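All remarks here apply to the structure that follows.
Just so it is clear, the structure is predicted and the values come from calculations on it, not from any experiment. Computed over heavy atoms, backbone and side chain alike; hydrogens, waters and symmetry mates excluded.
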Amino acid sequence: MAGRTNARHMFKQLIQHYRQSVSIKEASRRQGLSRNTVRRYYRQLQQSNADLHELPQREEPQLQAWFNPPVEADVDRDRYQDLVARAPGILGQLGQTGVTKLVLWEEYQAETPSGCSYSRFCHWLGVLGAPRRASMVQQVPAGEALFIDFADRTIGIIDPQTGRVQ
């Protein structure tokens with residue numbers, strides 16, 4: 001597409017725009033990036049001690065790593081260790097009828113108010129070995145079949161003739 005930045009040369013062109021004092025808005029338009037992204041990259045160039053004549057000589061993967069350094073995961077070790085200690089009991093309860101991750105997390109929060117959030121709780125349960133259920137896509141024309149999901153306890157069906165619950 002004409003006028004569209006090739007991703008391989010994006011960082012080199014961005015450095016060139018910065019050296020030429022091209023405005024953030026104009027660089028954003030030329031590069032096809034959001035203004036906030038260009039602003040962040042410009043700020044990074046401004047605050048760095050890197051040589052702006054040497055930087056474009058680097059290969060694209062090196063530039064990618066320079067502009068987007070890896071962020072270390074912020075793992076609260078105490079919360080994680082506490083959850084690891086509780087994991088066997090939690091995972092054992094997970095297979096029981098009526099027990100969900102939400103119910104287990106609410107119990108965990110009641111015992112440990114400063115514990116991790118629900119999304120982090122689910123993430124670590126998955127890492128620590130929560131069972132994964134198999135799924136399958138079934139392609140059925142509309143109206144041809146009826147699928148009923150008994151996700152929890154089943155309900156009784158009353159026979160109108162006898163009044164007996166099945």
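- Q31 contributes a side-chain N or O that, together with a main-chain N or O of M10, makes up a donor-acceptor pair within less than 3.5 Å.
- Chaining together hydrophobic side chains whose heavy atoms lie under 4.5 Å apart places I158 alongside V165.
- Looking only at distances, no side-chain donor or acceptor of R58 sits under 3.5 Å from a matching main-chain atom of Q64.
- The closest side-chain heavy-atom distance from K12 to L55 is not below 4.5 Å.
- Remark: R19 CZ is packed, more than 12 non-hydrogen atoms of other residues, nucleotides or ligands lying under 6.0 Å away.
- By the 4.5 Å heavy-atom criterion applied to side chains, D82 and Y108 are counted as neighbours.
- Within the model, atoms OG of S119 and NZ of K101 stand 11.5 Å from one another, a figure rounded to the nearest 0.5 Å.
- The minimum heavy-atom distance linking R86 with T112 is given by the pair NH2-OG1, 2.9 Å.
- Nearest heavy atoms, V103 versus G98: CG2-O, 4.5 Å.
- Environment of CD in E59: sparse, with no more than 12 heavy atoms of neighbouring residues, nucleotides or ligands closer than 6.0 Å.
- Listed for the S48 side chain is a donor-acceptor partner under 3.5 Å among the backbone atoms of L45.
- Within a 6.0 Å radius of CD in Q161, no more than 12 heavy atoms belonging to other residues, nucleotides or ligands are found.
- In terms of the ring-ring contact (aromatic ring centres under 6.0 Å, His included) criterion, residue partners of Y41 (sequence neighbours excluded) are, by chain and number, F11, F67.
- Separation of atoms CG (L104) and CD (Q96) is listed at 8.5 Å; rounding is to 0.5 Å.
- Contact record, S34 with S28: C-OG, 3.6 Å, taken as the closest heavy-atom pair.
- Atom OG1 of T37 sits about 11.0 Å away from atom CD1 of I24, to the nearest 0.5 Å.
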